[in-house]
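Nothing here was measured: the structure is a model prediction, and the numbers come from that model. In this chain, residues are counted from 1 in sequence order. The analysis underlying the following values was restricted to heavy atoms, covering all of them including side chains, and did not include hydrogens, waters or symmetry mates.
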Amino acid sequence: MGGMGQSSSSSTSWRDQMDAEEAMLDQQMAIEQQTKKTEDNEDSEEYEDNKKNKHRYEEMMIFYGEHLQHTKQPEKAALVYLSVGDNERAIGAFREAGNWRGALGLTYKVNKTTNQITSLAYELANQIRSTGEWAEAAQIYIEYCKDIEQGTVALLAAQEWSECV
């Protein structure tokens with residue numbers, strides 16, 4: 001008898017779960033249909049309002065990112081810029097923060113030329129080297145600048161003897 005009771009409650013639970021999933025799918029389909037209607041009818045007032053609101057939001061986030069940079073929080077500013085797709089400002093903020101991985105990684109996404117990437121890599125390597133982080137500077141020189149000589153000098157300064165070989 002105990003087995004039947006468990007079977008009944010598990011089937012009820014299973015049915016409840018199926019009903020909940022079906023309701024979620026219905027809701028998702030309704031949202032997708034509404035989005036399609038809005039996209040199909042670009043002249044609609046609602047579409048224009050959404051477009052204006054998105055533009056205002058992006059402007060506010062850019063102002064907030066600028067505020068963060070002025071208050072010496074460039075890493076946070078970079079993330080704010082990324083949230084609204086302003087990759088150029090994000091690169092600048094990452095660069096200001098000394099986050100070479102963020103800056104250089106993003107340059108590939110915005111289709112910078114090889115010369116632009118190399119130039120930025122040299123700037124970042126020199127900036128990082130000036131803070132005494134020789135091993136990281138070496139990594140940039142070698143991997144991004146393809147400058148083995150400067151990379152070796154930086155590795156020697158970092159006393160990374162085994163990496164020099």
Side-chain angles (χ1 to χ4, degrees), residues 21 24-25 27-40 42 44-165:
E21 287 178 11
M24 285 175 44
L25 286 174
Q27 189 175 27
Q28 184 177 7
M29 285 177 53
I31 291 169
E32 287 174 4
Q33 287 174 348
Q34 183 62 37
T35 302
K36 181 152 177 43
K37 284 180 189 175
T38 302
E39 289 172 354
D40 289 345
E42 290 188 2
S44 76
E45 191 176 310
E46 182 180 350
Y47 177 80
E48 289 301 318
D49 286 346
N50 287 339
K51 201 169 159 180
K52 287 177 187 174
N53 288 338
K54 182 180 179 189
H55 183 70
R56 285 187 199 127
Y57 172 77
E58 288 172 352
E59 284 180 338
M60 287 176 25
M61 293 305 284
I62 288 170
F63 287 137
Y64 180 56
E66 290 170 351
H67 167 75
L68 289 170
Q69 280 189 278
H70 291 301
T71 58
K72 306 294 182 213
Q73 300 176 69
E75 189 86 27
K76 288 180 182 177
L79 297 176
V80 168
Y81 295 139
L82 283 175
S83 75
V84 294
D86 193 337
N87 295 331
E88 291 293 336
R89 287 181 197 227
I91 290 170
F94 277 133
R95 189 170 146 196
E96 184 182 329
N99 182 338
W100 64 270
R101 286 179 179 92
L104 288 172
L106 202 49
T107 58
Y108 289 98
K109 186 174 181 177
V110 297
N111 298 322
K112 296 278 189 186
T113 67
T114 303
N115 288 341
Q116 290 172 318
I117 294 170
T118 302
S119 177
L120 177 62
Y122 270 112
E123 289 175 30
L124 289 167
N126 292 335
Q127 176 186 350
I128 290 167
R129 186 181 66 189
S130 71
T131 65
E133 297 178 49
W134 291 94
E136 289 203 23
Q139 186 177 356
I140 298 169
Y141 284 128
I142 293 168
E143 292 180 19
Y144 293 92
C145 303
K146 308 296 185 217
D147 189 337
I148 304 302
E149 185 177 330
Q150 283 294 327
T152 303
V153 168
L155 286 170
L156 289 171
Q159 299 180 354
E160 296 286 342
W161 317 117
S162 62
E163 294 293 323
C164 290
V165 178

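In this structure, Ser119 contributes its side chain and Asn115 its backbone to no donor-acceptor pair below 3.5 Å.
Proximity of Gln139 to Glu133: side-chain heavy atoms (C-beta onward) are nowhere separated by under 4.5 Å. Counting heavy atoms from C-beta on, the side chains of Asn87 and Leu82 come closer than 4.5 Å.
In this structure, Gln69 and Tyr81 approach most closely via the heavy-atom pair OE1-OH, 2.8 Å. Trp134 and Ala158 get closest at one heavy-atom pair: CB-CB, 3.5 Å. Minimum interatomic distance between Val84 and Met61 (heavy atoms only, all atoms of both residues): CG1-CB, 3.6 Å. Nearest heavy atom pair, residue Ala77 against residue Gly65, reads CB-O, 3.3 Å. Considering every non-hydrogen atom in both Ile128 and Gly98, the closest pair reads CD1-O, 4.3 Å. Of all heavy-atom pairs between Leu124 and Ala103, the closest is CD1-CB, 3.9 Å.
In this structure, the separation between CG on Asp147 and CD1 on Ile142 is 9.0 Å, given to the nearest 0.5 Å. For the atom pair CZ (Phe63) and CG (Leu68), the distance works out to 14.0 Å, reported to the nearest 0.5 Å. One finds the CD atom of Glu66 at 5.0 Å from the CZ atom of Arg89 (value rounded to the nearest 0.5 Å). The CD1 atom of Ile140 sits 12.5 Å away from the CD atom of Gln150 when rounded to the nearest 0.5 Å.
A salt bridge links Lys112 to Glu88: one of the charged nitrogens lies within less than 4.0 Å of a carboxylate oxygen.
Side chain to side chain, His55 and Glu59 meet the donor-acceptor criterion of an N or O pair below 3.5 Å.
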Checklist entry - How far apart are the C-alpha atoms of Thr107 and Gln116, what are their side-chain angles, what is the distance that settles it, and do they pass the side-chain contact (heavy atoms from CB on, under 4.5 Å) test? => result CA-CA 9 Å; Thr107 58; Gln116 290 172 318; over 6 Å; no
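The aromatic rings of Trp100 and Tyr144 lie perpendicular to each other, with more than 60° between the two planes, well past the 30° mark.
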